[in-house]
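Data block below; observations after.
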Amino acid sequence: MNNKEKIENVVSEYFKVDVDELYSTHRQDYPYNGARRILMYLLYANGMKSYVIAEFFNLTSRRVYVMLGEVQVAIKSDSKIRDDVKQIKEMLNEKYK
């Protein structure tokens, strides 16, 4: 199991959504949009290139950068997103030591 699959599994478990729905654009409500953005952020933070992430989500690299920036700003100002990211990272560390 590679890093991408580990991150996908933990994000889908945390938000209680299927992995396939993380990549689908037909659901734009919470928790799908939050899970999708946090997944992008964690993939990028773990070394995945933005153009690869863009291909996975069928977006442009520019849109990926915008969404990554939104998550980074939200982490600094929104305690809910900061807590979500922190808990997901802890789950990753516990599950895949």
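As a basis for the values below, the full set of heavy atoms in this structure was taken, side chains included, without hydrogen atoms, waters or symmetry mates.
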Please assess F57 against V64 for the test side-chain contact (heavy atoms from CB on, under 4.5 Å), listing each intermediate value before the final yes or no. CA-CA 9 Å; F57 289 92; V64 170; 5.8 Å; no
Worked verdict on S12 versus L22 for side-chain contact (heavy atoms from CB on, under 4.5 Å): CA-CA 7 Å; S12 72; L22 293 173; 4.0 Å; yes
If two hydrophobic side chains count as joined below 4.5 Å and joins carry through other members, does I38 share a cluster with V52? yes
Less than 4.5 Å apart, any side-chain heavy atom of K89 and any of L42? yes
According to a 4.5 Å side-chain heavy-atom criterion applied to Ile, Leu, Val, Met, Phe, Trp and Tyr, with indirect links allowed, do V71 and V66 form part of one hydrophobic cluster? no
Separation of Y32 OH from D18 CG (nearest 0.5 Å): 7.5 Å
Joint cluster assignment, V73 & V85, ILVMFWY side-chain distance < 4.5 Å: no
Starting at CG of N93, measure out to CD1 of I88 and round the result to the nearest 0.5 Å. 12.0 Å
Roughly how far apart are I75 CD1 and K86 NZ, rounded to 0.5 Å? 12.5 Å
Inter-residue atom distance Q72.CD - M67.CE, 0.5 Å rounding: 13.0 Å
Heavy atoms only: give me the nearest A54-S61 pair and the separation to one decimal. CB-N, 3.8 Å
Considering all heavy atoms, the nearest M40-L59 contact: CE-CD1, 3.5 Å
Close side-chain approach of R63 to T60, heavy-atom, < 4.5 Å: yes
Side chains of Q87 and Y14: do they bring a donor and an acceptor to under 3.5 Å? yes
Between the side chain of D78 and the main-chain N/O of K80, is any donor-acceptor distance below 3.5 Å? yes
Indicate yes or no for a side-chain donor-acceptor contact from R36 to the backbone of S24 under 3.5 Å, with no hydrogens or angles considered. yes
In sequence, state the C-alpha distance, the side-chain angles, and the governing distance for I81 and R37, and then conclude on side-chain contact (heavy atoms from CB on, under 4.5 Å). CA-CA 10 Å; I81 292 177; R37 288 169 191 254; over 6 Å; no
F56 six-ring centre to K4 NZ/CZ under 6.0 Å and within 45° of normal: yes
Chi angles and distances behind the side-chain contact (heavy atoms from CB on, under 4.5 Å) call for E8, L43: CA-CA 9 Å; E8 287 173 344; L43 290 173; 5.6 Å; no
Verify the distance criterion only: is there a donor paired with an acceptor across the side chains of Y44 and S50 at less than 3.5 Å? no
Value rounded to 0.5 Å, distance of CG in L39 from CE in M48: 8.5 Å
